[in-house]
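Report on one structure; see the data block that follows.
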Amino acid sequence: MSEQADMQTDEQHYDPQALQVKWQRRWEELNPFAAPATPSGAGGKRYMLDMFPYPSGDLHMGHAEVFAIGDVVARYFFQKGYDVLHPIGWDSFGLPAENAAIKRNAHPAEWTYANIETQANSFKRYGISFDWSTRLHTSDAGYYKWTQWLFLRFFERGLAYRKGGLVNWCPNDQTVLANEQVVGGRCERCGAEVIRRELTQWYFKITDYADRLLDDMAQLEGGWPDRVLTMQRNWIGRSEGADVDFVIEGRDEPVTVYTTRPDTLYGATFFVVAPDAPLAGEIVSEEQREAFESYRAEVAKLSDIDRLSTEKEKTGVFLGRYAINPVNGERMPVWAADYVLSDYGHGAIMAVPAHDQRDLDFARAFDLPVRVVVHTGLADPGETGVATAGDGALVNSGPLDGLGKTEAIRKIIEVLSERGTGKAAVNYRLRDWLLSRQRFWGCPIPITHCADCGEVPVPDEQLPVTLPDLRGEALAPKGVSPLASAEDWVNVECPKCGGAAKRDTDTMDTFVDSSWYYLRYVDPDYEDGPFDVEKIRQWGPIDQYVGGVEHAVLHLLYSRFFTKVLHDMGMVDFTEPFTRLLNQGQVINRGKAMSKSLGNGVDLGEQIDAFGVDAVRLTMVFAGPPEDDIDWADVSPAASQKFLARAFRVMAETGAASAPGADVATGDLNLRKTVHKVVDEVTKLMESHRFNVAVARMMELTSALRKAIDSGPGAADPAVREGAEALAVMLSLVAPYAAEEGWERLGHPASVARAGWPVAEEALLVEDSVTCVVQVAGKVRDRLEVSPDISEADLQALALASERVRGFLSGAPRKVIVRAPKLVNIVP
RNA sequence: GGGGCCGUAGUCCAACGGCAGGAGACGCAUGACUUAGGAUCAUGACAGUGCGGGUUCGAAUCCCGCCGGCCCCA
């Protein structure tokens with residue numbers, strides 16, 4: 001800073017860094033955001049929750065955005081006088097810590113807890129309104145003890161179980177993944193292509209809750225973004241159809257297939273089994289076995305995405321066997337083909353080539369018959385190669401002939417039910433949640449495996465099963481859990497029979513940890529259970545949740561599932577945990593996600609050093625609607641800083657010119673109207689989460705105050721003070737440091753964060769006159785200043801009397817639309 | 001292939017079916033204050049709302065089709 005500037009430095013100089021140092025210390029003493037032990041019930045409660053961070057180094061731009069936006073909501077709740085719970089914790093189990101530990105020959109906890117400290121300090125500097133007494137870490141034994149406790153309750157209820165089967169395996173992270181963690185055939189974490197492996201793993205029976213997860217979304221309509229609800233609906237993928245039993249020649253048990261189009265049963269001309277389904281290997285004829293085995297080996301290399309691609313040429317092998325169509329007794333060849341997945345329905349389908357494109361592609365590739373059974377009026381699929389999936393009258397279908405789709409489905413289900421060869425059925429895309437992970441830094445699964453007793457739960461009083469002290473090389477991925485190598489830890493007595501037994505060596509998916517953390521925040525040190533049931537009754541459910549859309553079907557689905565199970569256990573009285581959800585966008589740079597390889601990363605610490613916390617936060621909030629991505633190249637933290645300096649000077653100058661307590665009624669009326677109008681608008685904008693527009697209104701107010709001080713009633717006018725005080729309070733949601741200092745300059749004790757939201761006076765929102773637009777044929781031809789409560793008749797007369805309007809009229813108007821007091825449209 | 005969201009000044013973003021004298025901001029230009037300005041203050045220019053239809057007294061806004069972008073499911 002130049003000497004000149006130093007000399008200019010006066011009471012009104014805005015120095016963000018100095019304010020940060022000053023107020024961070026003061027806030028530590030004041031602790032303005034401590035939640036009451038229980039909400040009083042009088043003024044209402046608000047549980048405001050940000051998705052808790054993973055401690056991967058210091059906070060970054062993405063965190064800065066979520067928490068800036070979440071904090072606007074939280075601080076608004078505080079200002080409105082609610083009892084607010086705004087907690088913070090860390091999702092502190094997970095792979096990056098483990099990988100860092102391997103590289104540094106250290107323990108994952110060292111890296112994890114060091115990063116948590118760094119982030120905690122950054123949060124404090126960033127001025128987020130957390131109640132720090134709520135702080136929790138999912139990797140604390142005091143926390144994961146209860147994750148284990150919950151697992152055991154799920155186990156008791158049959159909601160946690162072990163089964164063998166094909167699972168998604170990430171060859172890079174050397175662990176299995178849940179379906180939700182496979183995105184486009186790749187590992188959601190690291191992007192490696194996922195392969196299939198046959199393994200015995202632990203699952204949560206989320207499919208038992210599929211219907212409730214679907215139905216309870218009705219509660220979330222309007223509170224959650226539609227697209228997240230749609231994504232969850234798609235993910236659950238409920239479809240209605242029928243299970244149809246097909247006899248396979250030479251097999252005692254019939255094979256059930258699921259179809260959404262049982263009405264087309266007469267059009268089934270062949271039968272397809274997933275090559276990786278056990279059924280295929282079982283029924284393949286001796287002559288075809290060799291061909292089948294080599295085909296199966298090929299298919300094993302493919303991802304589901306490849307298999308389902310409509311682009312890909314159809315492949316398959318005839319299994320040398322025939323299935324019998326239950327309605328017409330036809331023999332249909334049984335094929336194995338990769339376009340049928342082993343986990344869809346029952347791993348086998350009836351193929352109706354005329355009315356399903358993939359079946360048709362397959363039929364054409366292998367010269368199988370195509371039979372039209374729905375008359376859609378479109379050309380024969382056998383000729384065109386285009387399947388007809390639409391509605392129409394059934395043909396070649398015995399008793400179904402002439403019926404439409406809906407009727408035919410009803411009828412065929414009736415027929416099948418009578419014969420005992422089928423029934424109406426519902427199918428889901430959702431699969432059970434695979435929760436085992438072959439990694440170290442997670443919550444151990446509290447199960448002991450005993451040769452005699454089988455899976456034996458660790459008794460509650462022995463919880464937590466703590467992690468052994470492994471570090472460095474011992475954690476290197478080898479395809480089995482690192483825990484397996486900790487022999488002292490693994491070998492235990494069976495809790496049931498006392499014989500030799502082994503601990504389960506897998507750890508839980510970290511999404512288990514985060515599926516219930518919001519419940520523990522009400523008392524993170526609670527020792528009589530995972531959470532204080534009574535406190536959750538009072539604080540829950542979460543009124544506003546803020547976080548990224550990347551969890552649309554991961555964390556959010558799992559948490560909803562947990563909540564429902566806990567509801568069934570009588571531990572929570574609500575069935576949906578998050579009443580309202582706000583998905584903020586990403587912070588990108590020059591059109592692309594920030595990444596090391598692109599070299600377009602922006603460092604949050606540097607931005608804060610350069611512009612100050614308030615300016616960075618303001619930039620995040622002002623950039624656009626909260627759901628939109630922010631391209632850092634399109635926004636200007638420098639401009640934010642400039643505005644804050646302007647706003648600060650207004651507050652400081654006002655504070656220097658007057659003291660609190662003046663009679664506002666004596667203030668400049670025009671300015672007062674502006675102030676109250678802005679307050680009214682900002683209030684509504686906050687309620688509807690249009691924070692960027694709210695900031696624009698604060699800018700207008702600042703400009704109005706500037707003008708009033710410079711060339712209006714002057715800084716000492718009570719209206720200026722009223723406006724400056726309102727500005728300080730509203731600004732505190734976005735720029736807490738500048739607002740706090742401004743509030744102090746205005747002569748008020750800290751903290752501005754709890755000063756109370758300004759209330760717009762109705763009387764001051766009424767305009768003396770409004771501008772009425774007079775249109776002729778929809779084009780503006782004149783403007784009239786009229787009273788806001790002018791009658792339609794008076795307004796019409798006034799408009800028709802206008803000289804300027806009459807110039808555009810040649811005779812009596814055909815029609816006059818009057819929307820008093822703002823518009824008249826004359827149709828000539 | 002199905003479903004959804006979105007296209008407004010050079011840029012980001014506003015606008016209950018009713019004035020696009022764009023709310024706000026970036027950038028640009030001009031002026032004032034200045035030794036100077038990257039500070040501050042003031043002023044100004046820049047789009048007719050992706051394209052084509054329709055509904056309506058009136059459409060950025062509602063409906064249909066197309067183009068372009070993003071997301072989900074396949």
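Proteins get letters first, then strands, A, B, ... in listed order; numbering begins at 1 in each. What you see is a predicted model, and the numbers here were worked out from it, not measured in a lab.
- With rounding to the nearest 0.5 Å, the separation of CG in A/L360 from NE2 in A/H355 is 10.0 Å.
- In this structure, the nucleotide among B/rA14, B/rC72, B/rC73 sitting nearest to the side chain of A/M231 is B/rC72.
- The backbone N or O of A/G601 lies less than 3.5 Å from no partner atom in the side chain of A/N589, so there is not a single donor-acceptor pair.
- The CG atom of A/L618 sits 13 Å away from the C1' atom of B/rC26 (whole-angstrom rounding).
- For B/rG37, the O4'-C1' to base torsion is more than 90° from 0; the nucleotide is therefore anti.
- Taking the side chain of A/N692 as heavy atoms from C-beta on, and the options B/rC71, B/rC13, B/rU40, the nearest nucleotide is B/rC13.
- The residue A/R781 sits apart from the nucleic acid: no heavy atom pair falls under 4.0 Å.
- A distance of about 45 Å separates the P atoms of B/rA42 and B/rG53, rounded to the whole Å.
- The pair A/E681-A/K684 does not meet the salt-bridge criterion, since no charged nitrogen lies less than 4.0 angstrom from a carboxylate oxygen.
- Nearest approach of A/F648 to A/H13, heavy atoms of both residues: CE2-O, 3.4 Å.
- Distance from the side chain of A/D634 is smallest for B/rC12 among the nucleotides B/rA74, B/rC12, B/rC41.
- Comparing A/R227 and A/V695 by the nucleotide of RNA chain B that holds the closest heavy atom to each, the one mapping nearer the 5' end is A/V695.
- When heavy atoms are screened at a 4.0 angstrom cut-off, A/T771 is found touching base atoms of the nucleic acid.
- Going from the P atom of B/rC6 to that of B/rG50 covers 13 Å, rounded to whole Å.
- Under the Watson-Crick or G-U wobble criterion, with both distances below 3.5 Å, B/rG58 is left unpaired in every strand shown.
- Nearest to the side chain of A/F622, among B/rC73, B/rC41, B/rG24, sits B/rG24.
- The same atom, P, is picked in B/rC66 and in B/rA20; the two are 31 Å apart, to the nearest Å.
- In this structure, A/K822 atom NZ and B/rC57 atom P are separated by 22 Å, rounded to whole Å.
- No donor-acceptor contact under 3.5 angstrom links the side chains of A/R745 and A/T654, judged on distance only.
- Donor-acceptor pairing under 3.5 Å, judged by distance alone, is absent between the side chain of A/Q357 and the base of B/rG1.
- Applying the 4.0 Å criterion to OP1 and OP2 of B/rC57, one finds that A/K815 has a side-chain N or O inside that range.
- Atom C1' of nucleotide B/rC13 and atom CE of A/M699 are separated by 11 Å, given to the nearest angstrom.
- Between A/K684 atom NZ and B/rA14 atom C1' there is a gap of 17 Å when expressed in whole angstrom units.
- Out of B/rA14, B/rC13, B/rG18, the shortest distance to the side chain of A/R819 is found at B/rG18.
- Between the CD1 atom of A/I826 and the C1' atom of B/rG18 there is a distance of 14 Å, given to the nearest Å.
- Listed candidates were B/rG24, B/rA39, B/rC73. Nearest to the side chain of A/A696 is B/rG24.
- Across all strands shown, A/V773 has heavy atoms under 4.0 Å from base atoms, whether or not it also approaches the sugar-phosphate.
- Comparing the P positions of B/rC63 and B/rA25 gives an interatomic distance of 33 Å, to the nearest angstrom.
- Proximity note for A/K642 (side chain, C-beta onward) versus B/rA39, B/rC73, B/rC12: the nearest is B/rA39.
- For the residue pair A/Q607 / A/W632, a side-chain donor-acceptor distance below 3.5 Å is found, with atom types taken as modelled.
- The distance from atom CZ of A/R238 to atom P of B/rG3 is 21 Å, rounded to the nearest whole Å.
- In this structure, A/N825 reaches the bases: a heavy-atom distance under 4.0 Å links it to at least one base atom across the strands shown.
- Comparing B/rA74, B/rC26, B/rG24 by their nearest atom to the side chain of A/R358 picks out B/rA74.
- Set against B/rC12, B/rC13, B/rC73, the side chain of A/N234 has B/rC73 as its closest nucleotide.
- Candidate nucleotides B/rG24, B/rC26, B/rG18 were compared by shortest atom distance to the side chain of A/A639, and B/rC26 ranks first.
- OP1 or OP2 of B/rA15 has at least one side-chain nitrogen or oxygen of A/R690 nearer than 4.0 Å.
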May I have the step-by-step check of side-chain contact (heavy atoms from CB on, under 4.5 Å) for A/S703 and A/R646, ending in yes or no?
CA-CA 8 Å; A/S703 295; A/R646 267 163 65 82; 2.8 Å; yes
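- In this structure, A/R781 is positioned above the aromatic face of A/F808, its NZ or CZ under 6.0 Å from the six-membered ring centre and within 45° of the axis.
- Look at the C1' atom in both B/rA9 and B/rC28: the space between them is 12 Å, to the nearest Å.
- Base pairing of B/rU35: no nucleotide in any strand meets the Watson-Crick or G-U wobble criterion (both distances under 3.5 Å).
- If you check B/rG68 for Watson-Crick or wobble pairing at under 3.5 angstrom, you find it paired to B/rC6.
- Rounded to a whole angstrom, the distance from the C1' atom of B/rU61 to that of B/rC46 is 24 Å.
- Protein atom CZ of A/R429 is 19 Å distant from nucleotide atom P of B/rG2, rounded to whole Å.
- Spacing between B/rA14 and B/rU30 at atom C1', rounded to whole Å, works out to 27 Å.
- Pairing partner, B/rG44: B/rC28, with both Watson-Crick or wobble hydrogen-bond distances short of 3.5 Å.
- A/D628 comes within 4.0 angstrom of sugar-phosphate atoms only, judged by non-hydrogen atoms across all strands, and of no base.
- Between B/rC51 and B/rU8, the two P atoms lie 10 Å apart (nearest whole Å).
- Comparing A/C772 and A/R697 by the nucleotide of RNA chain B whose heavy atom lies nearest to each, the residue mapping closer to the 5' end is A/C772.
- Computed from coordinates, the A/E550 CD to B/rC72 P distance equals 11 Å when rounded to whole Å.
- Side chains of A/E240 and A/T260: no donor on one and acceptor on the other come within 3.5 Å.
- A/R233 has no side-chain polar atom (N or O) that falls below the 4.0 Å cut-off from OP1 or OP2 of B/rG2.
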